[in-house]
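Since the structure is predicted, the reported quantities are computational estimates derived from the model, not experimental observations.
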Amino acid sequence: MSPLMGWTALIPFRTGTGGKSRLEAVLDAATRERLAREMAQHVIDMLSRCPEIERIVVLSNKAFDHPAATFAMDAGRGLNPEISAFRDDFGPAPLLVIHADLPLLAQADVKGLLEAATEHGIAMATDRTGEGTNAIALADGRKFVFRFGPGSRALHGAAEEQMPVLQRDGLSADLDTPDDLAFLRQRGLRV
């Protein structure tokens, strides 16, 4: 097995009409829910094309059906505790935690992140503003405290000062705010 092989990708994904609430002013609940599901399907599709990814797991509050992914139940403890619990059960094997709302994600983006993590043991992808974290790749089984949420890039970076930080459109262009929606529409996202 080469160092780039054998990765598990974990995609946290909350379903339901309450998702993407910061977009309420510009998109109705049904559109937000449909769009969230389509973006998650896109992320899974891109991951399934990466030979480095051995397994894709959707961590969700409801079953998520995709032929390339398995489902793990979110017990409702919150994003970071859920990811940590998964990793505790999963063990030290290579793990990519990647958000489901990356409609521009391409296979090359995933490969670049995994290569950086393989070289350094860990790598992170930040959002467009450079303040959040959209993905973390842990190649070497090190202990790590997940701190996704506001200011997560700084929090993750402070914990691992030598961690490479990637900012590529496919990894950084997430969809949380009306500004994100405008940015993505300019790049072809259809709502």
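- Between L105 and M46, the shortest heavy-atom contact is O-CG, 3.1 Å.
- Under the side chain to side chain donor-acceptor pair (under 3.5 Å) criterion, R37 pairs with no residue at all, not counting sequence neighbours.
- Contact record, A123 with A117: CB-N, 3.6 Å, taken as the closest heavy-atom pair.
- Between R77 and E82, at least one side-chain nitrogen of the basic residue sits less than 4.0 Å from a carboxylate oxygen of the acidic one, meeting the salt-bridge criterion.
- For F183, there are no ring pair (Phe, Tyr, Trp, His ring centres under 6.0 Å) partners, not counting sequence neighbours.
- Between L35 and E38 the shortest side-chain heavy-atom distance falls below 4.5 Å.
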What do the steps show when you test L104 against R187 for side-chain contact (heavy atoms from CB on, under 4.5 Å), and what is the final call? CA-CA 8 Å; L104 303 181; R187 282 146 187 83; 4.0 Å; yes
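- Going from atom CG of D28 over to atom CZ of R34 covers 8.5 Å, rounded to the nearest 0.5 Å.
- Side-chain contact between L181 and L189: present, with at least one pair of heavy atoms (C-beta onward) separated by less than 4.5 Å.
- Between the side chain of H120 and the backbone N or O of Q162, no donor-acceptor pair lies under 3.5 Å.
- A donor-acceptor contact shorter than 3.5 Å is absent between the side chain of R22 and the backbone of T177.
- P178 pairs by the side-chain contact (heavy atoms from CB on, under 4.5 Å) definition with L23, V26, not counting sequence neighbours.
- Considering CG of D74 and CG of N61, their distance stands at 6.0 Å, rounded to 0.5 Å.
- When the side chains of ILVMFWY residues are joined at heavy-atom separations under 4.5 Å, either directly or via intervening members, L102 and F13 end up in a single hydrophobic cluster.
- Inter-residue side-chain proximity for E24 and R32 is flagged as met; some heavy-atom pair is nearer than 4.5 Å.
- Taken from CZ in R147 to OG in S152, the straight-line distance is 11.0 Å, to the nearest 0.5 Å.
- Of all the heavy atoms in A125 and L113, the pair that sits closest is N-CD1, 4.1 Å.
- Between G130 and R153, the closest heavy-atom pair is O-CD, 2.9 Å.
- Formation of a donor-acceptor pair under 3.5 Å by the S60 side chain with backbone atoms of K62 is found in this model.
- Chaining together hydrophobic side chains whose heavy atoms lie under 4.5 Å apart places L10 alongside V57, L59, L79, I83, F86, F90, L95, V97, I122, M124, I136, L138, F144, F146, F148, M163, V165.
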Worked check of side-chain contact (heavy atoms from CB on, under 4.5 Å) between V58 and I44: CA-CA 9 Å; V58 177; I44 294 168; 3.6 Å; yes
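- Listed by first and then second residue, the side chain to side chain donor-acceptor pair (under 3.5 Å) pairs that reach into residues 39-51 are D45-H66, sequence neighbours excluded.
- Judged purely by distance below 3.5 Å, without hydrogens or angles, the side chains of D127 and T129 pair a donor atom with an acceptor atom.
- In terms of heavy-atom proximity, F64 sits nearest to F71 at N-CD1, 3.7 Å.
- In this structure, V191 and L184 have side chains that are not in contact, with every pair of non-hydrogen atoms separated by 4.5 Å or more.
- Smallest separation of non-hydrogen atoms from A139 and P94: O-CG, 3.9 Å.
- Looking at heavy atoms from C-beta onward, T126 lies out of side-chain contact with L171 at the 4.5 angstrom threshold.
- In this structure, the side chain of E131 does not engage the main chain of P150 through any donor-acceptor pair within 3.5 Å.
- Contact check for T118 versus E52: no side-chain heavy atoms found under the 4.5 Å cut-off.
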side-chain contact (heavy atoms from CB on, under 4.5 Å) between T8 and L96, worked out: CA-CA 6 Å; T8 292; L96 168 64; over 6 Å; no
Would you check, one step at a time, whether the test side-chain contact (heavy atoms from CB on, under 4.5 Å) holds for R142 with E160? CA-CA 11 Å; R142 70 182 62 200; E160 294 282 344; 2.6 Å; yes
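- Residue pairs meeting the side chain to side chain donor-acceptor pair (under 3.5 Å) criterion with at least one partner in residues 83-110, sequence neighbours excluded, are K20-D101, D109-R168.
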